[in-house]
Amino acid sequence: MKYDFAKIEPKWQKKWRDEKTFAAVTGGSKPKFYGLVEFPYPSGQGLHVGHARPYTAMDVVCRKKRMDGYNVLFPIGYDAFGLPTENYAIKNHIHPAKVTHDNIDHFRQQLQALGYSFDYDREVNTTDPAYYKWTQWIFLQLWKKGLAYKATMPVNWCTSCKCVLANEEVVEGVCERCGSPVIRKEKSQWMLKITQYADRLIDDLDGLDFIERVKIQQKNWIGRSEGAEIDFQATNGDTLTVYTTRCDTLFGVTYMVMSPEHAYLKKWKDQIKNWDEVEAYQAEAARKSDFERSELNKDKTGVRLEGIEAVNPATGKQVPIFVSDYVLMGYGTGIVMGVPGHDQRDWDFATKFGLPIIEVVKGGDITKEAFILKDDTGIMVNSGFLNGMTVKQAIPAMKQHVQEAGYGRSKTNFKLRDWVFSRQRYWGEPIPMVKCDKCGWVPLPEDQLPLLLPDVESYELTDDGESPLSKMTDWVNTTCPCCGGPAKRETDTMPQWAGSSWYFLRYMDPNNDKAIASKEAMDYWSPVDWYNGGMEHTTLHLLYSRFWHKFLYDIGAVPTKEPYAKRTSHGMILGEGGEKMSKSRGNVVNPDDVIAAYGADTMRTYIMFIGDFEKAAAWSDNAVKGCKRFLDRVWNLAEQAKDGEGYSAANESAIHKAIKKVSDDIDAMKFNTAIATLMALVNDFYANGCTKGDYQVLLQLLNPFAPHMTEELWETLGFAAKEGKMACQMAWPAYDESKTLSATATIAVQVGGKLRGTVEVPADSDNAAIEAAAKAVPNVQKFLTGMEVIKTIHVPGKLVNFIVKPGK
RNA sequence: GCCGGAGUGGCGGAAUUGGUAGACGCCCGGGACUUAAAAUCCUGUGUUCCAAAAGAACGUGCCGGUUCGACUCCGGUCUCCGGCACCA
C-alpha cells in the first residue's frame with residue numbers, strides 16, 4: 001500500500017465538497033464557534049505561503065473545535081476591490097470584474113487543494129453588487145448620523161497611485177502599498193468621524209481577549225493624551241489657545257510658536273511688520289513633503305512675528321510669538337507654548353533663537369538640555385503658588401487654577417484623525433451620494449441601492465486627479481432625489497477597507513437581500529470567537545472594522561459592542577536563509593509546487609511545525625522533507641498495527657500524555673510542539689509496537705493537521721465502517737489524567753545543587769525509599785563520601801538534592 | 001527618541017508558579033539493505049579534557065545579585081527585529 005497523496009487528497013476534497021461536510025447551520029443545541037481568518041485579496045499571483053500559515057492554523061483549530069462538539073462557522077471570501085486589479089485591467093485591457101472572477105476561481109481551487117474546511121457555500125465577494133449594496137447602505141447610515149462628511153483639507157496624495165490615502169496608509173512619508181512619495185494636496189474628500197469613537201476604541205479593548213501587542217499598538221495609534229488648554233491674550237486682542245500636557249510649567253513659558261498653516265497669520269497680515277519674511281517661510285514649509293518636514297533631528301527653523309506679542313496669563317509678562325514648522329496644524333490647536341527648560345524641542349528652538357530658558361522644575365541642568373521628568377519627584381520653583389509642590393501635585397493644582405481664573409480648561413487630545421474615505425479610482429464601491437446645486441449633498445434613497453459601478457470605456461487615470469468615473473457624463477448627470485432638479489453623482493469610490501470592515505457579518509447570512517444579515521443569524525453567531533490575522537492590519541482593517549461595528553451597534557444593526565472576542569496574530573514566513581520572500585530575491589515558495597511534490601498534508605504539517613506560530617520563521621526545503629518522512633512513517637505503521645481494541649499497555653501512558661499535550665497545544669496555538677508530540681508518539685509506536693486501538697487514536701490526533709491521509713487510513717483500516725463516520729466527524733479523544741503518569745519516575749539526584757546521577761523508582765515510592773535509592777547511586781556516593789548531609793531537598797517526582805558540608 | 005518583542009548547539013526550535021537545558025525536526029558522521037544510487041531502517045551527535053568507558057569542567061547575548069538549585073527571578077548592560085515618531 002503506497003502513500004499516493006496525489007490520488008488521496010483530491011478524493012477526500014471532493015467528498016467533503018459533495019457531502020458539505022463542513023457546512024455551518026445556524027442554530028441547534030451545540031455551542032457555536034465562529035473562527036475567522038482574514039479573507040484574501042485575490043491577486044493574479046495566487047495564494048502564497050504567507051496565506052497558508054494563518055489559514056492552516058485556524059483550520060486546525062476549527063477542525064478540532066468540531067470534534068470538541070461545537071457548531072463551527074469557518075468561512076472564506078474575497079476582498080476583491082483594489083488597485084492591483086485595476087492596474088492589471090488597465091495594462092491588459094481586460095475588465096476588472098473579469099480579472100477578479102478568474103482570480104477568485106484560482107484562489108478557491110488552491111484553498112480546496114490545501115484541504116481547508118471552509119464552508120464554501122458562504123463565500124462573500126466584496127465586488128458583488130449584492131454585497132456592496134450593504135457596504136453602501138452602511139455608508140448612508142453613517143451619513144445620516146453625521147459621521148460621514150465632505151471636507152476640503154490637505155490630504156495625503158500618492159504620486160504613483162494618483163489617489164488620496166488615509167493617514168494609516170502612509171508609512172514613513174511614503175505610500176504603504178507602492179512605496180512612492182506622498183505629498184500634501186488640498187482636496188475635497190469624504191471623511192468618516194472615527195475620532196468620535198476614539199475613547200471607546202481604547203476603553204473597550206480592556207474587555208477583549210486580544211494579544212497584548214495588538215492592544216498596545218492600537219492604543220498608541222489612537223494616542224490619547226490628557227492635558228489642558230490655556231488661553232493667552234495677544235497684544236492685538238486675539239486669543240491664542242494652546243494645548244499642553246504640562247500646564248504645571250506655565251511659569252516657564254518664554255515664547256509662543258504657531259504652525260505656518262495657522263489661520264491667524266493671514267488674518268494678521270497687516271499687523272505683522274515683517275510679513276514678507278513670514279510669507280516666505282510659509283511658502284517654504286508648504287513646499288516640503290511630509291517626509292522632509294518630519295525628518296528627525298533636523299534643525300529648528302522659524303520666524304519671529306514683529307508687531308504682535310502674547311501675554312502669559314500666569315505672570316502677565318509679554319513673550320514673543322514665532323512661526324515654525326515644528327508645530328503641526330493637525331494636532332492640538334496649532335499653537336504651542338514654548339517651555340524650553342522642560343521640553344527638548346523647545347530647548348533646541350530657544351537655544352537657536354537666543355530666547356531665555358527658565359527653570360521651573362528643579363532636578364536637571366537646563367544649561368545643557370531640557371529637564372524632562374522620568375518620575376514625579378521634581379519640585380516646582382520660580383512658579384508662584386506652585387513653588388514647593390511636586391509635578392504630580394502641580395498639574396491638577398494648575399488645572400484647577402486656570403479653570404477658576406477663566407483662562408483654561410482640561411482637555412483630552414488624540415493622535416487619531418478622521419478617516420479619509422474617498423479614492424479617485426474606478427475599482428471600488430461607488431459612494432451613493434448626489435450633489436445638487438439647490439439641496440447640497442443628498443443621499444441616494446436606500447431602495448435605489450446598490451448603486452452599480454458602471455462600465456467605463458477606459459480605467460485610465462485622469463490627469464486632474466479625478467476618478468475615471470468623472471468622465472462618464474451619462475452616469476454622473478442625474479436628478480436630485482430631493483428636488484428632482486439636475487444633479488451630479490459623486491465620482492470618487494470607497495477605499496479597499498470599506499468592504500472588509502463588515503464582511504464577517506455577511507458570512508453569518510450571506511444571501512440576505514433585506515439586511516446585512518438577519519437578526520437571528522447575528523444573534524446566534526456574534527461575536528467572532530477567534531480572529532487570527534496579520535499585525536500589519538492592527539491600525540488599519542482591525543481598527544476600522546471595530547469602528548464600523550461600534551457604529552452599527554449604536555444604530556441597533558448588530559447585537560454586540562465588539563466584533564471580535566479574541567484576536568491572535570501569526571509571524572511572517574521568510575525565505576530560505578531568513579530573508580523576506582520576494583520575486584526579486586527569487587526565494588518565493590509557491591504552495592502549488594509543495595503540494596505537487598509532497599502533498600497538501602505535508603505542506604500543512606510543515607507550515608505548522610516550522611516554529612513558534614507568533615514569530616517569523618524561515619522556510620526550509622529540508623525540513624519539509626522531514627515532515628513528509630514523518631507522514632510516511634505514520635502511513636507505513638498502519639501495516640504493523642496488530643489487532644486489538646483500546647490502548648495497549650505498552651503505549652497507554654504515552655497516548656494519554658499525547659492527547660493532553662496535543663489538545664492543550666492546539667488551543668494555545670503551539671502547533672509546533674503538538675506535532676513534535678505526535679512525532680514522539682510515532683517513535684514510541686515503532687519502538688514498542690502498536691495495536692489498531694493505539695493507531696486509531698493517533699489518526700484522530702493527527703487528523704486536524706493531515707486530514708486527507710488520516711481519513712484514507714481511517715477508511716482502509718476499517719475504522720470508518722466500525723464508527724460509521726469519517727475521522728473528522730469523531731469526538732476528540734479524551735484523556736485520563738491519572739493514566740498520564742508513568743509507572744516509574746526518573747528522579748534527578750543532586751549533591752550541593754549539581755547533578756550527579758538519576759535513579760529510576762516506582763511512581764508510588766515514599767520519600768525515604770527514594771532518598772535511600774538516590775544515596776545508593778555510585779556516583780552520588782562518591783560525592784557524599786567524607787561529607788555530612790545537612791539538608792535534603794525533595795521535589796516529588798522530580799529530584800532529590802543533598803546539601804552537604806565537609807564532615808564525618 | 002518613545003512603545004513592544006526577542007537573544008539557547010552547525011540550523012529551525014523545545015523546556016519558565018525556579019527543579020535532569022537542548023524535546024521534536026533538519027544537517028552531518030558510522031552501520032545495515034542494494035551491483036550501485038535513491039528510499040528505508042539502526043546508531044552517534046552542545047563544547048572541552050580523557051585512547052575509550054566511567055566521569056569531570058564549562059555552557060541559554062554580556063556583567064553582577066538572590067537561591068540548595070537560575071534559560072526562568074532581581075539590578076545593570078549590549079545587540080537584533082517590529083511599531084510610532086517634532087503629537088507640545
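The figures that follow rest on heavy atoms only: side chains count, while hydrogens, waters and symmetry mates do not. A, B, ... follow the sequence lines: proteins, then strands. Residue 1 opens every chain.
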Whether [X] contacts [N] is assessed here as follows: a side-chain N or O lying under 4.0 Å from the phosphate OP1 or OP2. Is that the case?
| X | N | answer |
| --- | --- | --- |
| A/Lys754 | B/C58 | yes |
| A/Tyr326 | B/A88 | no |
| A/Asn636 | B/C41 | no |

Donor-acceptor contact present, side-chain [X] to main-chain [Y], <3.5 Å:
| X | Y | value |
| --- | --- | --- |
| A/Asn672 | A/Phe609 | no |
| A/Glu576 | A/Ala618 | no |
| A/Arg604 | A/Thr56 | no |
| A/Asn587 | A/Ser582 | yes |
| A/Lys215 | A/Leu208 | yes |
| A/Tyr606 | A/Ser620 | yes |
| A/Asn779 | A/Arg756 | yes |
| A/Glu788 | A/Lys805 | no |
| A/Arg213 | A/Ile211 | no |

Rounded distance (Å) that lies between atom [atom2] of [N] and atom [atom1] of [X]:
| X | N | atom1 | atom2 | value |
| --- | --- | --- | --- | --- |
| A/Met535 | B/G82 | CE | C1' | 8 Å |
| A/Asn167 | B/G83 | CG | P | 17 Å |
| A/Phe232 | B/A88 | CZ | P | 16 Å |
| A/Phe802 | B/G19 | CZ | C1' | 15 Å |
| A/His794 | B/G69 | NE2 | P | 19 Å |
| A/Glu614 | B/G13 | CD | C1' | 15 Å |
| A/Ile793 | B/U67 | CD1 | P | 13 Å |
| A/Asp248 | B/A88 | CG | P | 14 Å |

Need one value for [X]: base, sugar-phosphate or nothing, where a base atom within 4.0 Å counts as base even if backbone is also close, heavy atoms only.
| X | answer |
| --- | --- |
| A/Phe349 | nothing |
| A/Gly752 | sugar-phosphate |
| A/Asp346 | nothing |
| A/Ala618 | nothing |
| A/Asn779 | sugar-phosphate |
| A/Ile216 | sugar-phosphate |
| A/Lys411 | nothing |
| A/Lys782 | sugar-phosphate |
| A/Ile335 | nothing |

- Test A/Trp347 against A/His342 for side-chain contact (heavy atoms from CB on, under 4.5 Å), laying out the working first. CA-CA 7 Å; A/Trp347 191 93; A/His342 304 284; over 6 Å; no
Considering only the [atom1] atoms, how many Å lie between [N] and [M], rounded to the nearest integer?
| N | M | atom1 | value |
| --- | --- | --- | --- |
| B/G30 | B/G19 | P | 39 Å |
| B/G44 | B/A53 | C1' | 15 Å |
| B/A70 | B/G82 | P | 35 Å |
| B/C80 | B/A32 | P | 50 Å |
| B/G29 | B/A38 | P | 11 Å |
| B/C68 | B/A56 | P | 23 Å |
| B/C81 | B/G64 | C1' | 27 Å |
| B/A14 | B/G4 | P | 23 Å |

Can you tell me the pairing partner of [N] across any strand shown, Watson-Crick or G-U wobble, with both distances under 3.5 angstrom?
| N | answer |
| --- | --- |
| B/A21 | none |
| B/G1 | B/C84 |
| B/U79 | B/A6 |
| B/U48 | B/A56 |
| B/A32 | B/U40 |

- List the atom of A/His537, the atom of A/Trp497, and the distance in Å for their closest heavy-atom pair. CD2-CZ3, 4.0 Å
- Take nucleotides 20-27 of chain B nucleotide by nucleotide from the 5' end and write B, S or -, depending on whether a protein heavy atom sits under 4.0 Å from the base, only from the sugar-phosphate, or from neither. B--BBSSS
With the criterion being N/O to N/O and under 3.5 Å, what pairs connect the protein with nucleotides 6-11 of chain B, and how long is each?
none

- Task: Select one nucleotide: of B/A88, B/C68, B/G4, the one nearest the side-chain heavy atoms of A/Val336.
- Result: B/A88
- Winner on side-chain proximity to A/Asn801, out of B/G69, B/G4, B/C84, is B/G69
- Query: Hey, would you say the A/Tyr326 and A/Phe349 ring centroids sit under 6.0 Å apart?
  - Reply: yes
- Task: Establish, yes or no, whether the cationic atom of A/Arg633 lies under 6.0 Å from the six-membered ring centre of A/Tyr686 and within 45° of the ring axis.
- Result: yes
- Note on the structure: Classified by glycosidic angle (syn within 90° of 0, else anti), B/G9 comes out syn
- RNA chain B: A/Gly332 or A/Gly611, which has the more 5' nearest nucleotide? A/Gly611
